[in-house]
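Below is one structure, written out as structure tokens; the observations come after it.
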Amino acid sequence: MFPERTQLVLDLVGVFFFAVTGALLAARKGFDIVASTLLAGLTGLGGGVVRDVIINVRPAVFEHPVYLVPVVLGVAVVYLYYPHVPRFRRTLLLVDAAGLGLFCVTGTVKALAADVPAVSAVLLGVTSAVGGGLLRDVVAREVPSLFRYDDIYALPAVVGATVTALLWRLDALSVWTGVGASVLTFALRALAVRYGWRAPLAYRRQPPDG
């Protein structure tokens, strides 16, 4: 298990990355600064709150109000630098991938530390990673990345959370191996964005007649 301070730092960095994606989307939609802050907070904190409620612990944001700091910083960064972001979608996807990588690891670790079975911990790690982005897109009336047929979103988080759970079981989980799992998740997500990787559709395509 990570030291408590390390877990907190990684969580805060993940909240910042996700908060930036929420504020970026708010800026693109033309929302005001209040709406940007709310969307950033929902994105950065939503997945972790869902995870903590499921494992029956007090949500971290209520235990440590410092979780609000990266939300405010994310909003401020977008407020100051949004006009200098030439490729909105690519920037949002890459920042989101960074948050995805961190949260699938820290979410899985927190679930395992609460004595949740490994498979369930993986599911909660994925929930931590994709939950905020899902809430962000739904509230902003976007098609969630989780449901886009041309976008692999949850699968990298599944890989990262599974690797984290295996490292825990093998007693090989440390700050460095955890960061390695996070980087692996980020790399898979970034490659999916770069090369347009897709998951299979919900139905099998029929070959054209003739």
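Because the structure is predicted, anything quoted here is derived from the model rather than measured.
Under the 4.5 Å side-chain criterion, counting only non-hydrogen atoms from C-beta, L124 is not in contact with T108.
Note on residues 122-145: no pairs pass ring pair (Phe, Tyr, Trp, His ring centres under 6.0 Å), not counting sequence neighbours. Applying the ring pair (Phe, Tyr, Trp, His ring centres under 6.0 Å) test to residues at least two apart or on different chains, the pairs with a partner in residues 6-43 are F18-F103. Identified under the salt bridge (charged side-chain N to carboxylate O under 4.0 Å, His left out) test for residues 65-83, with sequence neighbours left out: none. Listed by first and then second residue, the ring pair (Phe, Tyr, Trp, His ring centres under 6.0 Å) pairs involving residues 113-137 amount to none (not counting sequence neighbours). Sorted by first and then second residue, the salt bridge (charged side-chain N to carboxylate O under 4.0 Å, His left out) pairs involving residues 91-107 (not counting sequence neighbours) are D96-R136.
Only one option out of L94, T43, V78 pairs with T21 in a side chain to side chain contact (heavy atoms under 4.5 Å, CB included); it is T43.
Partners of R58 by side-chain hydrogen bond (donor to acceptor under 3.5 Å, both in side chains), not counting sequence neighbours, listed by chain and number: E63. The side-chain hydrogen bond (donor to acceptor under 3.5 Å, both in side chains) check on D52 picks up K110, with sequence neighbours excluded. Among residues two or more places apart in sequence or in another chain, the side chain to side chain contact (heavy atoms under 4.5 Å, CB included) test is passed with V193 by R90, L93, R189. Not counting sequence neighbours, S120 has no partner by the side-chain hydrogen bond (donor to acceptor under 3.5 Å, both in side chains) test. Applying the side chain to side chain contact (heavy atoms under 4.5 Å, CB included) rule to V66 yields the partners L8, L12, H64, V69; only residues at least two apart in sequence or on another chain are considered. Under the rule for a side-chain hydrogen bond (donor to acceptor under 3.5 Å, both in side chains), the partners of T177 that lie at least two apart in sequence or sit in another chain are S174.
Contact between A157 and V130 at its shortest, heavy atoms only, is CB-CG1, 4.5 Å. Taking all atoms of both residues into account, the shortest heavy-atom contact from L39 to A140 is CD2-CB, 4.3 Å. For the pair L102 and G14, the tightest heavy-atom approach, listed with the atom from each and the gap, is CD1-N, 3.6 Å. Heavy atoms only, all atoms of each residue included: V15 and P70 are closest at CG1-CG, 3.7 Å. Closest non-hydrogen pair, G74 versus V20, comes out as CA-CG2, 3.8 Å. Pairing each heavy atom of V138 with each of P144, the nearest pair is CG2-CG, 4.0 Å.
There is no path of hydrophobic side-chain contacts, each under 4.5 Å, that joins L123 to Y153. Connection of Y67 to V53 is established within a shared hydrophobic cluster, with ILVMFWY side chains joined at heavy-atom distances below 4.5 Å, either directly or through further cluster members. L80 is connected to I33 through a chain of hydrophobic side-chain contacts under 4.5 Å among Ile, Leu, Val, Met, Phe, Trp and Tyr, so both are in one cluster. V50 and L68 fall into different hydrophobic clusters, where Ile, Leu, Val, Met, Phe, Trp and Tyr are joined by side-chain heavy atoms under 4.5 Å apart, directly or via other members. When the side chains of ILVMFWY residues are joined at heavy-atom separations under 4.5 Å, either directly or via intervening members, V116 and L170 end up in two distinct hydrophobic clusters.
Through direct or indirect side-chain contacts shorter than 4.5 Å among Ile, Leu, Val, Met, Phe, Trp and Tyr, I152 is connected to L155, L191, Y195, W197.
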Discussion item. Go through it in stages, so that I can follow the logic: the residues are L25 and D137, the test is side chain to side chain contact (heavy atoms under 4.5 Å, CB included), and I'd like the CA-CA distance, side-chain angles, deciding distance and then a yes or no.
Written reply: CA-CA 9 Å; L25 185 56; D137 292 340; 3.9 Å; yes
Practice prompt. Just do the side chain to side chain contact (heavy atoms under 4.5 Å, CB included) check on V159 and T185 with the steps written out, would you?
Written response: CA-CA 7 Å; V159 172; T185 305; 5.7 Å; no
Practice prompt. List the steps, then state whether side chain to side chain contact (heavy atoms under 4.5 Å, CB included) holds for L10 with V105.
Written response: CA-CA 9 Å; L10 293 176; V105 173; 5.7 Å; no
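Within 6.0 Å of CG in D32 there are more than 12 heavy atoms belonging to other residues, nucleotides or ligands. Within 6.0 Å of the CZ atom in R169, the count of heavy atoms belonging to other residues, nucleotides or ligands does not exceed 12.
Here L45 contributes atom CG and S128 contributes atom OG; the two are 12.0 Å apart, rounded to the nearest 0.5 Å. Put simply, OG on S36 and OH on Y82 are 11.0 Å apart, with the number rounded to the nearest 0.5 Å.
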